[in-house]
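Each remark here refers to the structure printed beneath this line.
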Amino acid sequence: VQLQASGGGTVQAGGSLRLSCAASGSTLSSYGMGWFRRAPGKQRELVAAITSGGTPNYVDFVKGRFTITRDNTKNTVYLQMNSLEPDDTAVYYCNAVTYYGGDIYPRFVSWGRGTQVTVSS
């Protein structure tokens, strides 16, 4: 499966962006899906995930600001980002996820191309 993230851009603090993750080569409906990000000089980290049934999970620093959704008819996962902060600046990636031991892990080795989000102060 190939995953393509899009929708990034440059916004001012407090602004919003909507990211999309489109898949080809396979349907996503049976997978949990997640959004991850890598900020300059930092490791890639989980931002949000959604189960195949549509239950979302968020890391603390995006709760109340980001919303993850999925549209299985379009084979696409979305990340609505509101109240963006400069610390949200990163390259955002999507991947299928695996839930294990209370944690969420990326499923596919191949990450695909991410999308750059830049938030100016």
All N/O donor-acceptor pairs, side-chain side in residues 86-94, below 3.5 Å, sequence neighbours left out:
| unit_1 | atom_1 | unit_2 | atom_2 | d |
| --- | --- | --- | --- | --- |
| Asp88 | OD1 | Arg37 | NH1 | 2.9 |
| Asp88 | OD1 | Arg65 | NH2 | 3.0 |
| Asp88 | OD2 | Arg65 | NH1 | 2.7 |
| Asp88 | OD2 | Arg65 | NH2 | 3.4 |
| Asp88 | OD2 | Glu85 | N | 2.8 |
| Thr89 | OG1 | Pro86 | O | 2.9 |
| Thr89 | OG1 | Val119 | N | 2.9 |
| Thr89 | OG1 | Val119 | O | 3.4 |
| Tyr92 | OH | Arg37 | NH1 | 2.9 |
| Tyr92 | OH | Asp88 | O | 2.7 |

Exercise answer: donor-acceptor pairs, residues 11-23 side-chain atoms, under 3.5 Å, sequence neighbours excluded:
| unit_1 | atom_1 | unit_2 | atom_2 | d |
| --- | --- | --- | --- | --- |
| Ser16 | OG | Asn82 | OD1 | 2.9 |

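The CZ atom of Phe66 lies 5.0 Å from the CG atom of Leu84; values are rounded to the nearest 0.5 Å. With rounding to the nearest 0.5 angstrom, the OG1 atom of Thr51 is 9.5 Å from the CD1 atom of Ile104. For the atom pair Tyr105 OH and Phe36 CZ, the distance stands at 11.0 Å (nearest 0.5 Å).
Side-chain atoms of Thr115 come within 3.5 Å of backbone N or O of Gly8 as a donor-acceptor pair.
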### Message
The test is side-chain contact (heavy atoms from CB on, under 4.5 Å); show your working for Tyr99 and Asn57 and say whether it passes.
### Response
CA-CA 11 Å; Tyr99 297 80; Asn57 297 95; 3.8 Å; yes
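Minimum heavy-atom separation, Tyr58 to Ala48: CD2-CB, 3.6 Å. Between Phe108 and Leu3 the shortest heavy-atom distance is CD1-CD1, 4.2 Å. Minimum heavy-atom separation, Ile68 to Pro56: CG2-CB, 3.7 Å. Of all the heavy atoms in Val97 and Met33, the pair that sits closest is CG2-N, 3.6 Å. Considering all non-hydrogen atoms of both residues, Arg70 and Ile50 come closest at NH1-O, 3.6 Å. Shortest non-hydrogen contact noted between Val77 and Leu28 is CG2-CD1, 4.2 Å.
Atom CD of Glu45 has more than 12 heavy atoms from other residues, nucleotides or ligands within 6.0 Å.
Hydrophobic clustering (side-chain heavy atoms under 4.5 Å, transitive across Ile, Leu, Val, Met, Phe, Trp, Tyr) keeps Trp111 apart from Tyr78.
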